[in-house]
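Read the structure below first, then the notes.
First the proteins, then the strands, lettered A, B, ... as listed; each starts at 1.
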Amino acid sequence: MTKYRTHTCNELNIKNEGEKVSLSGWVNKKRDHGNLLFIDLRDNYGITQCVIDKKNDLFKKIEKIPLETVIQFEGQVVKRDKNTINKELNTGEIEIKIINFKILGTTKELPLPVFSDQEYSEEIRLKYRFLDLRRSKIHKNINLRSKVISFIRKEMEKYGFLEYQTPILTSSSPEGARDFLVPSRLNPGKFYALPQAPQQFKQLIMVSGFDKYFQIAPCFRDEDARADRSPGEFYQLDIEMSFVDQNDIFNVVEKLLNNLFKKFSNKKILNEKFPKISFSDSMLKYGTDKPDLRNPLEICDLTKIFERDDVKFEIFNKLVKKGSIVRAIVTKKTNSKPRSFFDNIDKWAKNEGSSGLAYFTFEKENNKVLGKGPIGKLFSTEACEEIMKISKAEIGDSIFLACANKKEVEKLLSVARDKIAKDLEIIDQNLFAFCWIIDYPMYENDEKTGKIKFSHNPFSMPQGDLNNLNLDEPLSIKAYQYDIVCNGIELSSGAIRNHIPELMYKLFSVAGYNKKSVDEKFSGMINALSYGAPPHGGIAPGIDRLVMLLANEKNIREVTMFPMNQNAQDLMMNAPSNVDENQLKELSINIVKKK
RNA sequence: GGGGGUGUAGCUCAGUUGGUUAGAGCGAUCGCCUGUCACGCGAUAGGUCGCGGGUUCGAGUCCCGUCACUCCCGCCA
């Protein structure tokens, strides 16, 4: 109880009948019958209906109060008639008979209505975020986010982790995303960088002898936004552990996510023991390293089929001869689908910038397997049977074929998998399907330069006999590097780190860094690892994306309190903004004006 | 950096083949209404059709440019 209220707007019920109470909140909605006025009063917790009739002298004044005014009502809890009970409200069995009121905060005319299910443009929502956040759906999302973070902290502490904080002003790192830079006044011409992640610090924490680290860590990357990627800043559940292999980390994360998702969602978890899929398998079966396992469709490789003489699909045959590959998606029991179903998918594929998806359906006539559809007759019975064997297709199933270089085929079929599943409505929306993607390659070919580069984190531990790595074939080396994926969304990646300096020099030299440049660029890390570093590893699931999944939202701004727009501007606070000439002078900075 | 979508009243949107004074719902203002909970009824106000240029007798509508928002590609070790 405070001077403003005896109860919140969500707690009064039939047991309080007759009590004199005081409530404070916003005028959510008025229903004015001329001689009788209902006001829905709203606060963070809920809504309570307040009522006044014309006999009361205050009626005329209260009638005029605009929506979203902040007001305090004194009144009496009255039981509602049976037929006027509102089952939608927790307080729906009672109402407050207004005795007195006090206006605590007035409002101008609203730029956007608060009480409405309408959708509004992002621009207006972000500019008036404080109004937008009053609306029930996003208000709930933000409170969910708070509860999720609190739950994670408690769980992690239960598992024996301690939260350690790391610097926000740190040094610019040579690899990875663009840094946000902060000029140093005391060191003219030099810059701090905001951390892209506390990657090096958490390793240093392990080297410092702390054993189990976590942090709800802010991360800053100056890269372009997406629906599921805030520009500028986001949060990770950063985790690092000493004396572990990757299964120890999997166990912690699986336990945490199972508990978290069970607590905050009614959806089922497909496999509580998350399946482990190797990177190469994932690229073959799903065309991507973030597969949506709710989708039962799988991709198979049929390149060999097009080397046969009894397959007369000239375009593909020729392309295969030139080195292209053919992969396919089988859809079950689609022989009765109308022609438009197939043509739409082909048309869609062409829209995606590919040469389209060829298709046909397996049928049986006179006990002989036949291909039906535009290109069906180009395949002999034997070829059809071979395809069915490889793709596990049955009579009545259809097959969609893509032919191009490996990367293009993977990319097209990965999105085609989503598209076809959506059209067939075979994705169970009431499911969370987690998986681990493991065995990432240590290196890859840089397409632009043709040189070998690290495919992920250069600090990852390579797999195999460390004294006998095949450095002549770097592309064959796999790393203890892993991702966790849920419903096709990449939640995070992690790795067992390389804590052996000599090995690190070797691995860096493959990617074209000599000892001197490694010492220069990663001096802090290398130096620390040289004084007794424990084996260690970790992971860092994205908090924003976890909350998105739990809130069933597709856009990260729906779970972020004060997000920036796509151009990394805060329309409410007007950031970024010009600064005073004097501020620049102190920082020894000149602005170069673009023409 | 590139591609798509959108831009009309405070908010959400309609606007036909280019043709009279640009409409609706919500909100605002005023009036009526004692059991609503998306209360109801009536009236009034509210417009640089994102901005600039062009075609045309005539442009919200067609063309060119530009800006803003958004989605995607690139990018995000």
Side-chain angles (χ1 to χ4, degrees), chain A residues 28-42 47-56 59 63-64 66-68 78 80-89 91-92 95 97 107-128 131-132 135 173-179 196-197 199-200 219-234 351-353 411 415 440 442-444 446-448 453-460 479 481 490 492-495 508 511 521-522 540 542 554-555 557 564-567 569 571:
Chain A
N28 192 57
K29 194 72 190 165
K30 289 189 297 185
R31 288 174 295 280
D32 190 351
H33 293 240
N35 292 310
L36 181 72
L37 171 67
F38 298 99
I39 289 184
D40 288 340
L41 193 69
R42 182 195 74 239
I47 285 176
T48 302
Q49 174 168 283
C50 305
V51 62
I52 186 166
D53 76 22
K54 205 166 192 176
K55 291 172 206 148
N56 192 316
F59 185 90
E63 198 182 24
K64 299 286 174 210
L67 299 183
E68 294 307 307
V78 181
R80 293 203 206 180
D81 274 356
K82 238 184 202 161
N83 48 353
T84 63
I85 286 173
N86 184 347
K87 284 179 183 153
E88 306 279 302
L89 297 181
T91 59
E95 63 195 6
K97 197 175 167 192
T107 175
K108 297 197 276 188
E109 192 181 333
L110 299 169
L112 67 93
V114 171
F115 177 73
S116 165
D117 289 331
Q118 266 176 29
E119 306 242 356
Y120 306 102
S121 74
E122 292 282 337
E123 200 172 358
I124 203 100
R125 289 184 63 192
L126 294 183
K127 185 165 180 193
Y128 297 96
L131 291 179
D132 190 38
R135 300 171 65 217
S173 58
E175 303 234 327
R178 285 187 203 93
D179 284 317
Q196 294 176 25
Q199 179 62 41
Q200 297 200 39
C219 304
F220 305 90
R221 293 177 192 175
D222 188 5
E223 295 294 347
D224 289 352
R226 287 287 183 278
D228 63 350
R229 204 165 84 202
S230 292
E233 55 189 78
F234 62 98
N351 244 329
E352 289 286 302
K411 196 167 182 183
V415 271
Y440 275 82
M442 189 85 206
Y443 300 100
E444 64 189 14
D446 190 324
E447 277 182 25
K448 287 175 203 154
K453 65 169 190 179
F454 288 107
S455 65
H456 272 74
N457 187 334
F459 299 122
S460 297
Q481 164 93 39
E490 182 192 326
S492 90
S493 52
F508 266 101
K521 287 179 170 163
F522 306 101
K554 291 207 162 57
N555 192 302
R557 290 184 294 272
M564 295 196 282
N565 70 9
Q566 199 164 46
N567 295 325
Q569 298 159 341
L571 297 175

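Residue contacts shown for Ile124(A) are limited to sugar-phosphate atoms, with no base heavy atom under 4.0 Å away. Heavy atoms of Ser121(A) sit under 4.0 angstrom from primed sugar atoms or phosphate atoms, though from no base atom. Within the 4.0 angstrom heavy-atom criterion, only backbone atoms of the sugar-phosphate kind lie near Glu119(A); the bases stay farther away. Using a 4.0 Å heavy-atom cutoff across all strands shown, Lys55(A) reaches at least one base atom of the nucleic acid. Within 4.0 Å of Tyr120(A), counting heavy atoms only, lie sugar-phosphate atoms of the nucleic acid but no base atom. Heavy atoms of Asp81(A) sit nowhere under 4.0 angstrom from any nucleic acid atom. Among the atoms of the strands shown, only primed sugar atoms or phosphate atoms (P, OP1, OP2) are found under 4.0 Å from some heavy atom of Lys64(A). Leu110(A) comes within contact range of the sugar-phosphate backbone alone, with a heavy-atom separation under 4.0 Å but no base atom that close. Among the atoms of the strands shown, base atoms are found under 4.0 Å from some heavy atom of Asp224(A).
A salt bridge links Arg31(A) with Asp40(A): the distance from a Lys NZ or Arg NE/NH1/NH2 to an Asp or Glu carboxylate oxygen falls below 4.0 Å.
Regarding contacts with the backbone of C69(B), a side-chain N or O of Asn567(A) is found under 4.0 angstrom from either OP1 or OP2. Residue Arg31(A) places at least one side-chain N or O closer than 4.0 Å to OP1 or OP2 of C39(B). Within the 4.0 Å cut-off from OP1 or OP2 of A77(B), at least one side-chain nitrogen or oxygen of Arg221(A) is found. For the OP1/OP2 pair of G27(B) and a distance below 4.0 Å, the side-chain nitrogens and oxygens of Lys29(A) include at least one atom meeting the criterion. Checking the phosphate oxygens (OP1, OP2) of C11(B), no side-chain nitrogen or oxygen of Lys127(A) falls inside 4.0 Å. For the OP1/OP2 pair of C13(B) and a distance below 4.0 Å, the side-chain nitrogens and oxygens of Gln118(A) include no atom meeting the criterion. Proximity of Arg125(A) to the phosphate of C11(B): no side-chain N or O atom is located under 4.0 Å from OP1 or OP2. Contact between the side-chain N/O atoms of Arg557(A) and the OP1/OP2 oxygens of C71(B) is found at a separation under 4.0 Å.
In the interface, the side chain of Asn83(A) is not paired with the base of G35(B) through any donor and acceptor atom under 3.5 Å apart. Residue side chain Glu95(A) reaches the base of G35(B) through a donor-acceptor N/O pair under 3.5 Å, judged by distance alone. With hydrogens and angles ignored, a donor-acceptor pair under 3.5 angstrom links the side chain of Arg80(A) to the base of U36(B). Judged by atom type and distance alone, Gln49(A) reaches the base of U36(B) through a side-chain donor-acceptor pair under 3.5 Å.
U8(B) sits 10 Å from A14(B) when the P atoms are compared, rounded to a whole Å. Between C63(B) and U55(B), the distance separating the two C1' atoms is 7 Å to the nearest Å. Taking atom C1' in both G46(B) and U66(B), the straight-line distance is 29 Å, to the nearest Å. Here the separation of G42(B) from G58(B), taken at their C1' atoms, is 38 Å to the nearest Å. The gap from the C1' atom of C49(B) to that of U61(B) amounts to 10 Å, rounded to the nearest Å. Separating the C1' atom of G50(B) from that of U6(B) is a span of 11 Å, rounded to the nearest Å. Distance check on atom P: G27(B) versus C64(B) gives 41 Å, rounded to whole Å. Comparing the P positions of A28(B) and U16(B) gives a spacing of 31 Å, expressed to the nearest Å.
Rounded to an integer number of Å, the gap from NZ of Lys108(A) to P of G10(B) is 15 Å. What separates CD1 of Ile47(A) from C1' of U36(B) is a distance of 14 Å, to the nearest Å. For Asn86(A) and U36(B), the CG to P distance is 11 Å, given to the nearest whole Å. As a whole-Å value, the separation of Arg229(A) CZ from C73(B) P is 8 Å. Atom pair Leu112(A):CG and A28(B):P shows a separation of 13 Å (rounding to whole Å applied). At whole-Å resolution of the value, CG in Asn555(A) and P in C69(B) are 15 Å apart. Rounding to whole angstrom units, CG of residue Asn28(A) and P of C37(B) are separated by 15 Å.
Comparing atom distances between the Glu223(A) side chain and each of C75(B), U70(B), C33(B) picks out C75(B) as nearest. Closest contact between the side chain of Asp40(A) and the listed nucleotides U70(B), G74(B), C37(B) involves C37(B).
With a cut-off of 3.5 Å on both Watson-Crick or G-U wobble distances, the partner of U6(B) is given as A68(B).
Looking only at atom types and distance, the side chain of Glu68(A) has no donor-acceptor partner in the side chain of Thr107(A) under 3.5 Å away.
Put simply, the side chain of Arg80(A) reaches to within 4.5 Å of the side chain of Asn86(A), judged on heavy atoms.
The aromatic rings of Phe522(A) and Phe459(A) lie perpendicular to each other, with more than 60° between the two planes, well past the 30° mark.
Stacking here means ring centres nearer than 5.5 Å and ring planes tilted less than 30 degrees, and by that measure His33(A) stacks onto C39(B).
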